[in-house]
Colleague: 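Got a structure for you, written out below as structure tokens; questions coming shortly.
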Amino acid sequence: MPAPTNASFSTATGPDVKVRFCPSPTGTPHVGLIRTALFNWAYARHNGGQLVFRIEDTDAARDSEESYEQLLEALRWLGIDWDEGVEIGGPNGPYRQSQRGDIYRELIEKLRDAGYLYESFATAEEIEARNVANGRDPKQGYDNFERTLTEEQREAYRAEGRHPALRLRVPDADLSFDDLVRGPITFPAGSFTDFVVVRPNGAPLYTFVNPVDDALMGITHVLRGEDILSSTPRQIALYHALIEVGITDVVPRFGHLPYVMGDGNKKLSKRDPESNLFHHRVRGFIPEGLVNYLSLLGWSLTHDRDIFSLDEMVGAFDVVDVNPNPARFDLKKAESINGDHIRMLAPADFEERIIPYLSGYISNPPTPIERVILHEAAPLVQERIALLGEVGHLLGPFFTADGELDFDDDAMPGADALLVLDAAAGALSQLNDWAAEHIERVLRESLVEGAGLKPRVAFGPLRTAVSGRRISPPLFESMELLGKESTLARIGRLSARL
RNA sequence: GGCCCCAUCGUAUAGCGGCCUAGUACGCUGCCCUCUCACGGCGGUAACACCGGUUCGAAUCCGGUUGGGGUCACCA
């Protein structure tokens, strides 16, 4: 019989800290999940400890290899590395629970022989019916009644052809722990009941394999979402059993990270595109920006600065500073931070990173000609975008043939722009030294000073002619990049449309 | 419903008993810069959920109320 143990919680600090990230490979990586990975990683790195990356694929019906690959891809993209786990191995492998069946089977026998696990034959319907019959709120769940089944009673169930699940006998005592982000928490005895750890077919459930692997792998700090806060007493109960049978000697410290919320008061759902990490990458978030924003969901570096690098985060991160209340995912703020990080990129780096976002306009890798244009054009947009995905719209016209440029409807000027276009073409055709400063000079002389037009009305039509857009990179630099011939051709082409 | 968690501007947060007539950032907004859009600069807007208590003094500590969320699966 399990004796109520006084848990000895881990006291590991510094290099002895060992955390883990253990997602289930279902669906595409969720930003909340990745935030959890980030905090675990930052905690390990800050302390000079270790991060274990384990896969909890015990639900064959929902798990997928594709999802597993995406998890790897997500962490690599963000620069989150691990010291032990899938892909790289380690002393406690294998790191996919689907491959650890033998380990679990042996442990289940051990725990069962020691009396911590008992057979449970009741179905969910029977448990509910039993509660109703006893005037007990069905929502209270299982009432532990099979704890005391006699061998004869069990035999009778088996004779009916029933196969039992296995439940853990939880202690009839209050269970307390000191949450790293929330402080002391106590669950009164009776508020958590004996729970199923092994299916009738012998397959262990998450409720079993999660604490077991944490114990086997020497995890000292469990940092996870607050959705499993309520199951912590049950896991501690399992830990006590594991300690009793000599599998481990400490219970890890727990820290429950706040939810990442969507609009309203609900968790950011997997159905919401904003929950999908890769959705943000497709739109043009760079890892530096996204990781910076994600770290701000429940944590902050200082009181007056929210743009910082991963290194700075690692240097300052401590899970006890994490805010316990739920954080809303604010796309606008995320984009703003991403824009700041884009502006901090070295020009050559920026140039490389936008190439994939220019597909449809240039080849990847770019041809030598495209490369030359790209090199000149990239600096024109680096400080005006928040998302790399914006480059297509801004730079596309530079990679479009004069005759194929489309003029956006909202950019089309009235027929009176003909005068402007003609005057500009006239002035420009006289210009031989084709540089932005000269282009600007002759255009200002003829249109602004000469014709007395406001800069806005003078240059608007030219912007449309050159870019086809109402909004574009700086006009004169654009003309320089395009070259004299192309610029005049485009001006003529727009004139013909008016 | 039982149990658990949470509660500062619209949002994310700073604040750990006096530095708070509550700071910063995003957002919104006024002005400046300006060939568009951005960037940048200078302003503005807006919060301690409520009620008690402790204290010379409370956003900070305690209790309660209200509100929100989670959990009570042979999912994870």
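Each chain gets a letter, A, B and so on, in the order the sequences are listed, and its residues count up from 1. From a predicted model like this one, the values you see are computed outputs, not experimental measurements.
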Colleague: Scan for salt bridge (charged side-chain N to carboxylate O under 4.0 Å, His left out) pairs involving residues 463-478 of chain A, sequence neighbours excluded, and state none if there are none.
Modeller: A:Asp408-A:Arg469, A:Asp410-A:Arg470

Colleague: Would A:Arg96 pass as a cation-pi partner of A:Tyr68, given that its NZ or CZ must be under 6.0 Å from the six-membered ring centre and within 45 degrees of the axis?
Modeller: yes

Colleague: In chain order, what residues pass the side-chain hydrogen bond (donor to acceptor under 3.5 Å, both in side chains) check against A:Arg493, with sequence neighbours excluded?
Modeller: none

Colleague: Any strand is fair game: report the nucleotide pairing with B:C72 by Watson-Crick or G-U wobble, both distances under 3.5 Å, or none.
Modeller: B:G1

Colleague: Counting only Watson-Crick pairs (N1-N3 plus N6-O4 or O6-N4) and G-U wobbles (N1-O2, O6-N3), all under 3.5 Å, who is the partner of B:A7?
Modeller: B:U66

Colleague: Got a sec, which pairs hit salt bridge (charged side-chain N to carboxylate O under 4.0 Å, His left out) with one end in residues 258-274 of chain A, sequence neighbours left out?
Modeller: none

Colleague: Holding to side-chain contact (heavy atoms from CB on, under 4.5 Å), I want the full list of residues that pass it with A:Val212, two or more places apart in sequence or in another chain.
Modeller: A:Tyr104, A:Leu107, A:Phe208, A:Leu216, A:Leu238, A:Leu242

Colleague: Identify, residue by residue, the members of residues 433-445 of chain A with a heavy atom below 4.0 Å from RNA chain B, and return them in order of residue number, or none.
Modeller: A:Arg444

Colleague: For A:Ser446, what residues pass the side-chain contact (heavy atoms from CB on, under 4.5 Å) criterion, not counting sequence neighbours?
Modeller: A:Ala427

Colleague: With no hydrogens and no angle check, is any side-chain donor or acceptor of A:Asn40 less than 3.5 Å from a backbone partner on A:Leu223?
Modeller: yes

Colleague: Consider the side chain of A:Phe459, meaning its heavy atoms from C-beta on, and name the nucleotide among B:C5, B:C35, B:U36 that approaches it most closely.
Modeller: B:C35

Colleague: Between protein and nucleic acid, restricted to nucleotides 8-11 of chain B and to nitrogen or oxygen atoms under 3.5 Å apart, what atom pairs and distances do you find?
Modeller:
unit_1	atom_1	unit_2	atom_2	d
B:U8	OP2	A:Asn325	ND2	3.3

Colleague: Can you sort out the partners of A:Ala203 under side-chain contact (heavy atoms from CB on, under 4.5 Å), two or more places apart, ordered by chain and number?
Modeller: A:Arg199, A:Asn201

Colleague: Using ring pair (Phe, Tyr, Trp, His ring centres under 6.0 Å) as the criterion, list what pairs up with A:Phe317, not counting sequence neighbours.
Modeller: A:Phe39, A:Trp299

Colleague: What about the rings of A:His280 and A:Tyr293, do their centers lie closer together than 6.0 Å?
Modeller: no

Colleague: Who does B:C28 pair with, Watson-Crick or G-U, both distances under 3.5 Å?
Modeller: B:G44

Colleague: Counting only heavy atoms and a strict 4.0 angstrom limit, can you tell me which residues of residues 134-144 of chain A come near RNA chain B?
Modeller: A:Asp137, A:Lys139, A:Gln140, A:Gly141

Colleague: State the pairing partner of B:C39; accept Watson-Crick or G-U wobble contacts with both distances under 3.5 Å, and report none otherwise.
Modeller: none

Colleague: Determine which nucleotide pairs with B:U13, using a 3.5 Å limit on both distances of a Watson-Crick or G-U wobble pair.
Modeller: B:G23

Colleague: Counting the atoms with a prime plus P, OP1 and OP2 as sugar-phosphate, which does A:Ala122 contact under 4.0 Å by heavy atoms, base, sugar-phosphate, or nothing?
Modeller: base

Colleague: Base, sugar-phosphate, or nothing for A:Ser300, non-hydrogen atoms under 4.0 angstrom?
Modeller: sugar-phosphate

Colleague: Quick one: look up who B:C61 pairs with, Watson-Crick or G-U, both distances under 3.5 Å, and put none if it's unpaired.
Modeller: B:G53

Colleague: Can you name the atoms? Protein N/O to nucleotides 21-24 of chain B N/O, anything below 3.5 Å, with the distance.
Modeller:
unit_1	atom_1	unit_2	atom_2	d
B:G23	N2	A:His303	O	2.9
B:U24	O2'	A:Asp304	O	3.4

Colleague: Could you name each residue pair satisfying ring pair (Phe, Tyr, Trp, His ring centres under 6.0 Å) that touches residues 455-476 of chain A, not counting sequence neighbours?
Modeller: A:Phe459-A:Phe476

